[in-house]
Every structure is written in C-alpha cells, then in structure tokens.
Amino acid sequence: MQRSAVELLEGLTEPQREAVAHIDGPLLVLAGPGSGKTTVVTRRVAYLIGQGIPAWQILALTFTNKAAGEMRDRVERMVPGEVPGRRGLTMATFHSFCARLLRRYSGAAGVAERFSIYDAADQRAAIKQAVKTAELSARNFTPAAVAAAISNAKNRLMTAQAYTEHAGDFYTRSIARVYRAYERVLWSNDALDFDDLLLVAARLLRDDERVRQELQERYQYLLIDEYQDTNHAQFVIAHALAAAHRNICVVGDPDQSIYGWRGADIRNILEFEEHYGEAVVIPLGQNFRSTGHIVAAADLLIQNNTGRKHKPLHTELGDGEKPVVVTCRSEHHESALIVEAFRRRQADDAIPWKDMAVLYRINALSRVVEDAFRGAQVPYVVARGTAFYDRKEVKDALAYLRLIANPNDEVALRRIVNVPVRGIGKVTIDKIELYAINRQLRFFDALRDVEAVKGLTGRAQASVQRFVTMVDSWRAGLETESGDAEVVALALAELVEQVVRESGMETLYRRSKSEDDLARLENLEELISAAAQFVPSVDESDAAVRGEDVGARRWTPAELLGAYLESVALVSDADAIDPTRGAVTLMTLHAAKGLEFEVVAMVGLEEGLLPHMRAAQSDFELEEERRLCFVGMTRAKRHLLLTRAATRAHRGLRERTIPSRFLQELPREEVTFSGQADEYGDSDAFDDSESFDEDDGSGGTRTGARSFPPGCLVRHPEFGLGRVESVMQRPKGAIARVRFHGVGIKTLILEYAKLQRAE
DNA sequence: CTGGTCATTTTTTTT
DNA sequence: AAATGACCAG
C-alpha cells in the first residue's frame with residue numbers, strides 16, 4: 001500500500017476505515033450526527049484518486065455549493081501534487097451539475113442553449129401569468145399553492161401532460177391547466193425553474209441511451225452526500241449514472257431527513273439495499289461532536305419517531321453539560337437572555353463568537369434576535385446567502401444581464417423595461433402587448449416594432465426605441481473573442497458596469513442623497529467586482545478528460561455570462577456562512593444541517609412554531625419536525641440552550657404560547673429545566689420595553705402627530721437619533737416613518753414608541 | 001405616467 | 001409588522 005493510502009486511514013475507527021477503503025460496488029454509509037461523515041467522504045475520494053482512479057472519473061454530489069467547495073479543497077490538500085490524474089474532480093450540487101449537463105446536451109435535452117434559470121420570484125411572476133391565461137381566479141389559486149403543486153409533480157417526474165391525464169377532481173384539473181400554461185410560459189421564455197433542472201436532466205438520462213452511456217463512461221465513481229434528502233428525480237439521475245458500473249456510494253442519515261416537503265423521499269435511503277442487493281452497509285454510530293447529555297437527549301427525542309431503524313448513538317467525549325430549557329416572558333426577553341448567555345460563554349469560557357449559533361424554525365424569528373445582538377454590540381451574521389441577490393437593485397441589474405444573455409426571457413424584460421422609470425408605463429406596455437398577441441410576436445420584437453403600434457404617444461415610442469437600442473448595443477458588446485476565464489471576467493465586469501451606468505440605475509441612486517440609495521449604489525458596485533472575480537468551475541471540462549491542463553479552457557464572454565448567471569441563481573443560504581468572520585451565526589434549522597458549533601441556542605420551542613402549525617396535521621410531517629429538532633440539538637458540541645417565550649407577538653398580535661411537545665419528550669435526567677426565566681435575572685437586565693404588558697404611559701397625553709412634524713430630529717431609546725420622514729394619521733393612532741442613523745427607516749406607532757424631540 | 005395613500009392579506013422550511 | 005395591490009391626484 002502506498003504511503004498516502006496509509007495516511008488516509010490513520011486515526012479512523014474501524015467502520016470509518018472500511019468506508020474510506022471501499023472501492024468498487026455499491027456502498028451505503030449510515031452516518032449519524034457528528035460521526036465524521038465529511039472526513040470519511042473526503043478521505044474516500046482522496047483514497048480513490050490515490051488508487052489510480054483519475055479524478056475526472058469521480059462525481060460527488062452534495063447539498064450546497066459551500067459543502068462542495070469545502071470538500072473539494074480538503075480533497076485537494078490530501079492528494080499530493082505529483083499524483084497523476086488529480087485534476088478534474090467533479091464536485092457539485094445536484095442542481096448545478098444538472099444545469100451544466102443541460103447546457104452541454106441542450107440539443108438532446110430539448111432545451112435552449114442559453115436558458116434562464118428562474119428563481120422563486122421569477123417563478124411566481126410566471127405562475128401569475130399562467131393563472132391569468134388559464135382564466136382561473138387568482139383568488140383561489142394563489143401562486144404559492146400552485147407553485148407547490150407543480151413543484152411536487154415535477155419532483156415526481158410528472159410532466160404537465162402526465163399530470164393532466166391523472167387529474168380527477170376540479171381542483172386538480174385546474175392545477176393541470178395552470179401547469180400547462182406555466183410550461184408554455186417557461187418554454188417561450190427559454191427558461192427552466194429549479195425543479196426543471198432535475199426533471200429534464202433525469203428524463204434525458206433515463207430516455208437517451210447515447211447520453212447516458214457517455215456519462216456512465218465518464219463518471220465511473222459516484223458519491224452522493226445527504227442521500228436522505230434526495231427526491232425521485234435525483235434518484236433517477238443517480239441510478240441512471242450508476243446503472244452500468246454500480247459504483248455508487250451514498251451517505252446519509254434517515255433521522256436527519258428534513259426536506260420531505262420539497263419532495264425528498266426518505267425511502268431512497270431506506271430501500272437502498274433493495275435496489276442494490278450486493279450493497280455494503282456501514283453504520284457510523286459514534287458521535288465525535290457532542291458531549292454525553294446532548295447526545296442522550298437528542299437520541300431519546302428521536303426515539304419518539306416510529307418506523308425508524310433504531311441506531312444507537314454514543315459519544316466518548318464525557319457527559320459534559322446538560323442542555324438547558326428556559327421559558328421566557330416574551331421573544332424580547334428570549335433574545336436578551338441568549339445574548340447574555342453567549343456573552344458569558346465568550347467572557348468566562350473564552351469561546352469565540354464564531355463558535356456560537358442561534359437556530360430558529362422560521363426566518364421571521366431572526367428579526368428580534370438580530371435586534372438584541374445589534375443592541376448589545378455583539379457581532380453576528382445572518383446566514384442568508386440569497387439576501388444580497390434578493391435586493392431590488394441587484395435583481396434589477398441581474399434581470400438586465402439575463403435579458404442580454406437570453407433575449408427571450410420576458411420575465412426579466414418585463415421586470416426592467418421601465419426600471420428606472422423611462423416613460424414606458426403600464427398603458428404603453430399593455431398596448432404593445434396587445435400588438436404582440438395580435439401579430440404573434442415576441443414581446444421584445446414588438447418593442448422593436450414600436451413605430452407600428454397604434455395609439456402611442458411619440459414620447460413613449462421614443463422611450464421604447466431608446467431602450468431597444470441600448471439593449472442591442474450591450475448584446476453586440478458581448479460578441480467579442482474568447483479568452484482565458486480571468487481575462488473574460490474583466491470584460492464581464494465591464495458589461496455589468498455598462499449596464500448599471502447606461503440603464504440609468506447609477507444616476508438614479510447617485511442623485512438621491514438618502515443613505516438607502518447610497519447603499520444600493522454600493523451593492524451595485526459590489527456586483528461589478530463580483531463579476532470581475534468570477535471564476536467558473538470547469539469540472540465538466542473535456543480538457544480534463546483529454547489530460548490537458550484544466551485551467552486552459554477558453555471562454556467567450558457570452559458563455560461566461562451564462563455561467564455567472566447560473567452560479568448566481570443557484571446560491572443557497574448556507575453558502576453565506578463564513579467561519580472566518582468572528583461573529584455569531586443566526587440561521588434556520590434547515591440551513592444548519594451539516595454544521596456544528598460549541599454553543600447552540602434554539603429559540604421558539606413552541607407549538608405552532610416547532611412543530612410548525614402547517615406541519616402538525618399529519619404524523620408524517622410531525623416526525624419530520626421532530627427530526628428537525630433533532631438536527632438542531634445535535635449541532636451543539638458542548639452547550640445547548642433551548643428557549644421558548646410564554647407570549648409571542650405574531651402578525652402584530654401578542655399571543656400566549658403552548659410549550660412544544662418536543663420539550664416534554666426530553667428526558668428529565670438529561671436536561672435541566674430552568675423553570676421560569678426569572679432566575680436568569682429580572683426586569684432590568686433585559687430590555688423588555690416593547691413587552692405588551694407595559695403601560696403606554698399616561699392615558700391623557702396621547703402622543704399627537706403634531707408634536708413630530710416631518711423633518712424634525714427625534715431620539716429613540718433603541719435606535720438613537722433619527723429624522724422624521726412622514727407622519728400619518730391611522731385609526732390605531734399616528735404612525736411615523738423615521739430614518740435612524742445607521743439603522744434605516746423604521747415605521748413607528750407614536751403612541752408606543754418612546755420618541756423624544758431632539759434639537 | 002408617476003408617486004402616493006389606503007386597504008387587504010399574509011401562516012415554513014429552499015435548490 | 002410588512003408586503004402587495006388597487007386606486008387616485010397631479
């Protein structure tokens with residue numbers, strides 16, 4: 001055995017070693033939380049390469065881009081530079097792998113070469129359009145409900161046609177109509193949604209023998225992480241690829257399956273052995289992450305789930321500290337208590353901020369927690385990778401880029417045709433649209449024809465013409481020569497800059513003096529520099545297969561733009577977590593999957609929140625909620641704090657809460673129930689000023705709108721100095737919009753907000 | 001055409 | 001509480 005191979009097996013338990021050294025044939029690794037899964041996966045890939053299997057023959061599919069990137073780095077560090085065939089490893093998410101596949105085999109797959117990828121917002125717009133064309137009431141068919149139904153169908157590889165054939169009742173038949181209309185919208189826009197990436201790729205692999213064979217030959221070794229969260233489409237993709245050589249290694253934990261609502265089918269992992277009779281199964285039960293009480297408590301909780309294979313968890317890290325459950329008065333109290341607890345950990349135990357996390361079931365809960373951390377000046381980051389790309393100005397700029405890349409992307413076109421306002425309003429658009437429908441033209445082609453559209457003002461026509469000329473000139477700029485990715489990336493950045501400038505966005509935001517708009521400008525500048533630094537992943541390159549230097553692939557600007565938009569479309573929240581930043585991480589339980597922290601606080605352990613009210617309907621969903629709780633608890637290495645608030649404001653109303661049933665399921669021997677939170681300190685220790693039971697001062701002196709004229713300076717106990725933008729008289733009382741320095745605009749009810757005039 | 005006001009609705013998790 | 005959409009005055 002080579003020296004490196006020995007090293008790769010060092011310091012592992014027997015089952016871990018067995019998994020790493022497994023080469024040929026199907027392998028199922030049942031990896032409990034903290035069982036060293038990532039180590040096993042990365043070492044196994046390095047081991048395969050060390051055994052002479054060229055890296056480009058290995059395909060590893062992960063759940064997030066971040067996981068893929070980290071694993072690739074770790075593998076590269078483990079494989080010495082002189083090992084032949086160490087380049088060209090494909091490590092990607094299912095979605096990005098499929099996207100690249102579809103671009104490469106666009107002809108066989110029947111998709112446009114330069115298709116757009118629609119995110120949730122684009123999808124929503126397309127669905128709205130579809131509901132309209134299907135002539136259904138937008139009231140009974142909300143975009144969210146329709147989207148969920150369609151997504152469900154797509155995850156089961158059900159096309160609009162198949163769905164129609166199976167549709168029985170009125171509601172299903174109606175959905176079928178929208179589904180068909182939606183598909184027509186996507187089709188005419190040359191667009192695919194997230195589910196399509198999987199669905200079309202799965203059908204391509206299933207039905208096209210030539211493509212399947214080619215890819216089977218290319219990817220001799222297949223590895224799939226988080227296998228418990230794969231859906232049927234992903235199952236089909238994986239098994240089509242593995243059908244010939246059967247070198248498929250899947251890693252996962254049925255107890256951590258938390259994406260059932262997204263079509264994940266837990267049977268994929270439970271029935272793996274049935275699909276592959278000769279499969280080797282290796283359970284990894286030893287937990288190297290958490291101390292005894294945490295492991296025991298989580299293990300006993302998950303045992304309340306029926307129909308699971310019991311898989312005992314154990315740790316050898318000692319008993320450690322018991323998880324603590326605290327009931328707080330309100331969500332503000334809850335957040336303040338967590339900040340205080342984290343502070344102590346940092347001060348007394350010297351645990352750095354980056355090793356602490358607050359987890360919650362729904363994003364909406366992050367707000368109060370954020371406020372508390374900000375108020376206490378404790379550094380924190382909210383794990384929302386999409387947040388940057390969700391900003392209006394960034395989405396607008398990207399819509400321009402998408403329109404340049406894909407002239408048929410009407411969702412993008414409609415988004416920005418009048419942004420910033422350039423005199424192409426609703427009336428003009430409606431008229432041009434009518435013209436387009438009558439002549440069977442694409443919307444953009446109708447814009448080109450604007451002179452022929454009747455009933456438009458000369459002004460509107462001129463505006464449209466200017467817009468068309470502008471977009472055309474950008475497209476022309478794209479038709480330059482190919483080059484190294486780094487060089488072309490600069491051209492890409494130039495294009496982004498040109499778009500920002502010539503579209504008028506720059507002027508719009510620069511002209512304004514408001515801080516928000518200045519921030520917008522900065523975001524756009526960030527987008528430009530992100531484009532300049534964009535490095536496409538080239539793992540699918542044929543160059544690697546031919547044994548050439550992988551970095552030598554040449555890119556045309558158009559190709560690079562496509563790759564850039566694709567990478568932007570597929571970022572996930574978890575991708576944003578940057579451990580080098582010395583800050584507490586705030587994120588959803590879902591985003592926390594696969595991560596670990598010294599200190600973890602889980603908030604909102606209340607009925608309706610965890611388990612979520614939408615999930616409490618069926619036992620199946622309830623068990624998934626329990627697994628979610630299990631995932632959260634097992635993120636903690638040493639300190640686990642579970643909190644709930646006795647009352648919580650929900651949609652403007654304060655309500656009394658019921659403790660989560662999961663708290664009751666926790667064993668008393670393993671968990672400390674700290675009764676009421678008062679022992680953690682009372683009133684003054686925490687800023688509970690927004691609590692409902694607080695009296696609003698003196699009933700007689702109603703805070704009148706008159707005392708705060710627009711433009712006046714005010715002081716707020718929490719937000720500091722600010723300037724009143726506007727005041728509105730509403731039935732519930734006067735409402736002021738106030739811009740606070742460094743905080744932004746807040747809408748406050750004068751009666752309750754303790755505002756003071758400051759001059 | 002634009003920008004503001006007012007009313008209504010919203011109830012999860014995400015590639 | 002916040003976001004969206006309808007409506008209306010300039």
Side-chain angles (χ1 to χ4, degrees), chain A residues 61-68 92-99 117-120 123-124 128 138-139 142-145 147-148 151 154-155 192-199 226 229-231 233-234 258-264 359-365 367-368 383-386 392 418 420-430 456-457 459-460 463 566 569-575 587-593 604 608-616 621 624-625 627-628 631-632 649-655 690 726 728-732 735 737 745-749 752:
Chain A
L61 297 171
T62 60
F63 206 69
T64 63
N65 295 298
K66 181 144 178 297
T93 63
F94 260 102
H95 285 84
S96 59
F97 174 71
C98 290
I117 298 173
Y118 278 4
D119 68 9
Q123 193 183 25
R124 198 186 145 89
K128 273 189 186 171
R139 227 188 135 64
T142 62
S151 173
K154 285 188 174 180
N155 286 330
L192 299 179
D193 64 21
F194 286 134
D195 300 318
D196 281 333
L197 296 175
L198 303 179
L199 173 129
E226 307 285 7
D229 285 321
T230 52
N231 62 30
Q234 291 166 321
I258 53 175
Y259 283 92
W261 51 274
R262 208 170 83 181
L359 310 181
Y360 35 80
R361 175 69 233 270
I362 59 172
N363 280 305
L365 293 189
R367 196 179 199 89
V368 185
R384 291 214 93 186
T386 51
K392 180 195 178 314
N418 199 30
V421 285
R422 52 171 69 90
I424 309 177
K426 194 172 181 309
V427 179
T428 308
I429 301 222
D430 284 349
L456 289 182
T457 61
R459 235 179 120 98
S463 298
E566 181 181 298
L570 299 178
V571 291
S572 71
D573 286 350
D575 294 337
M587 66 185 143
T588 63
L589 289 163
H590 284 89
K593 191 176 70 165
L609 229 36
L610 184 66
H612 194 268
M613 64 200 295
R614 292 284 291 236
E621 288 175 307
E624 181 154 308
E625 295 291 304
R627 290 195 290 268
L628 205 45
V631 166
H650 191 235
R651 226 160 83 207
L653 282 176
R654 181 158 293 279
E655 283 163 346
E690 289 180 67
S726 65
M728 281 171 295
Q729 202 60 243
R730 293 274 289 271
K732 297 169 210 150
I735 288 193
R737 287 165 58 77
I745 294 185
K746 290 273 166 191
T747 304
L748 305 165
I749 298 174
Y752 302 112

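Protein chains get the first letters and strands the later ones, always in sequence-line order, with residue 1 at the start of each.
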Participant: Check whether any side-chain N or O of A:Thr588 sits under 4.0 Å from OP1 or OP2 of B:dT12, and answer yes or no.
Facilitator: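 Result: no.
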
Participant: Report yes if the ring of A:Phe194 lies under 5.5 Å from the six-membered base ring of B:dT14 with planes under 30°, and no otherwise.
Facilitator: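 A stacking contact does not exist, since A:Phe194 is not both close and nearly parallel to the base ring of B:dT14.
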
Participant: Report the C-alpha separation of A:His590 and A:Tyr259 in whole Å, then their side-chain angles, then the decisive distance to 0.1 Å, and conclude whether the side chain to side chain contact (heavy atoms under 4.5 Å, CB included) test is met.
Facilitator: CA-CA 8 Å; A:His590 284 89; A:Tyr259 283 92; 3.5 Å; yes

Participant: What is the nucleic acid contact for A:Lys128, judged by heavy atoms within less than 4.0 Å: base, sugar-phosphate only, or nothing?
Facilitator: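 The answer is sugar-phosphate, as A:Lys128 gets under 4.0 Å only of primed atoms, P, OP1 or OP2.
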
Participant: Quick check for you: to the nearest 0.5 Å, what is the distance between A:Thr588 atom OG1 and A:Tyr360 atom OH?
Facilitator: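 Between atom OG1 of A:Thr588 and atom OH of A:Tyr360 there are 6.5 Å.
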
Participant: State whether A:Arg361 and A:Glu625 are salt-bridged, where the test is any N-O pair (Lys NZ or Arg NE/NH1/NH2 against Asp/Glu carboxylate O) under 4.0 Å.
Facilitator: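 Judged by the 4.0 Å cut-off on N to carboxylate O distance, A:Arg361 and A:Glu625 do form a salt bridge.
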
Participant: From the list B:dC1, B:dG3, B:dT10, which nucleotide is the closest neighbour of the side chain of A:Thr428?
Facilitator: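 It is B:dC1.
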
Participant: Find the distance A:Leu609:CG to B:dT12:C1' and express it as a whole number of Å.
Facilitator: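 In whole Å, B:dT12 C1' and A:Leu609 CG are 9 Å from each other.
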
Participant: Once you round it to whole Å, what is the distance between P of B:dT14 and CD of A:Glu624?
Facilitator: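 Nearest whole value for this atom pair: 13 Å.
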
Participant: For A:Asp229 and B:dT13, what is the distance between atoms CG and P respectively, to the nearest whole Å?
Facilitator: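 So the two atoms are 16 Å apart, to the nearest Å.
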
Participant: If you look at every strand shown and take non-hydrogen atoms under 4.0 Å, does A:Tyr259 touch a base, only sugar-phosphate, or nothing?
Facilitator: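 Touches sugar-phosphate only.
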
Participant: Whole angstroms only, please: what is the CD-P distance between A:Glu566 and B:dT15?
Facilitator: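 Checked: the CD to P distance equals 15 Å.
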
Participant: Where the side chain of A:Trp261 is concerned, which of B:dT13, B:dT2, C:dA1 is the nearest nucleotide?
Facilitator: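 The nucleotide sitting nearest to the side chain is B:dT13.
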
Participant: For A:His95 and B:dT15, do the ring centres fall under 5.5 Å apart while the planes stay under 30° apart?
Facilitator: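 Stack criterion not met.
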
Participant: Rounded to the nearest 0.5 Å, how far apart are CG of A:Asn418 and OG1 of A:Thr428?
Facilitator: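 Interatomic distance, A:Asn418 CG to A:Thr428 OG1, rounded to 0.5 Å: 8.0 Å.
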
Participant: Between C:dG5 and B:dT12, how far apart are the C1' atoms? Round to whole Å, please.
Facilitator: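 Rounded to whole Å, the distance is 24 Å.
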
Participant: Counting only side-chain nitrogens and oxygens, does A:Arg124 get under 4.0 Å of the OP1 or OP2 atom of C:dT4?
Facilitator: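 Checking C:dT4 against A:Arg124, no side-chain N or O comes under 4.0 Å of OP1 or OP2.
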
Participant: If I take atom CD1 in residue A:Ile362 and atom P in nucleotide C:dA1, what distance separates them, rounded to the nearest angstrom?
Facilitator: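 For the pair A:Ile362 CD1 and C:dA1 P, the rounded distance is 15 Å.
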
Participant: Have a look at A:Thr64 and say if it touches a base, only the backbone sugar-phosphate, or nothing, with a 4.0 Å heavy-atom cut-off.
Facilitator: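 It contacts nothing in the nucleic acid.
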
Participant: Nearest to the side chain of A:Arg614, heavy atoms from C-beta on, is which of B:dT15, B:dT2, B:dT11?
Facilitator: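 Closest of the options to the side chain of A:Arg614: B:dT11.
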
Participant: Could you tell me the separation between the NZ atom of A:Lys66 and the C1' atom of B:dT14, rounded to a whole number of Å?
Facilitator: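 Atom NZ in A:Lys66 sits about 17 Å away from atom C1' in B:dT14.
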
Participant: Atom CG in A:Leu192, atom NZ in A:Lys154: separation rounded to 0.5 Å?
Facilitator: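 The distance works out to 8.0 Å.
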
Participant: Kindly point out which of B:dC1, B:dT11, B:dT13 is positioned nearest to the side chain of A:His650?
Facilitator: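 Of all the options, the side chain of A:His650 is nearest to B:dT11.
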
Participant: Strictly below 4.0 Å: does A:Asn65 bring a side-chain N or O up to OP1 or OP2 of B:dT15?
Facilitator: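 For B:dT15, neither OP1 nor OP2 has a side-chain N or O of A:Asn65 closer than 4.0 Å.
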
Participant: Look at the side chain of A:Arg361 against the base of B:dT12 and say whether a donor-acceptor pair falls under 3.5 Å; ignore hydrogens and angles.
Facilitator: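 Indeed there is one.
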
Participant: Give A:Asn363 one of three labels, base, sugar-phosphate or nothing, depending on what nucleic acid heavy atoms sit under 4.0 Å from its own.
Facilitator: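 Contact class for A:Asn363: sugar-phosphate only.
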
Participant: Reading DNA chain B from 5' onward, which residue's closest nucleotide shows up sooner: A:Glu621 or A:Asp195?
Facilitator: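 The residue whose closest nucleotide sits nearer the 5' end is A:Glu621.
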
Participant: Between C:dC7 atom P and A:Lys426 atom NZ, what is the distance in whole Å?
Facilitator: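 Interatomic distance, NZ of A:Lys426 to P of C:dC7: 11 Å.
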
Participant: Does A:Asp119 form a side chain to side chain contact (heavy atoms under 4.5 Å, CB included) with A:Phe194? I'd like the steps, not just the answer.
Facilitator: CA-CA 7 Å; A:Asp119 68 9; A:Phe194 286 134; 4.2 Å; yes

Participant: Which whole-number value in Å describes the distance from A:Gln234 CD to B:dT14 P?
Facilitator: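 Answer to the nearest Å: 16 Å.
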
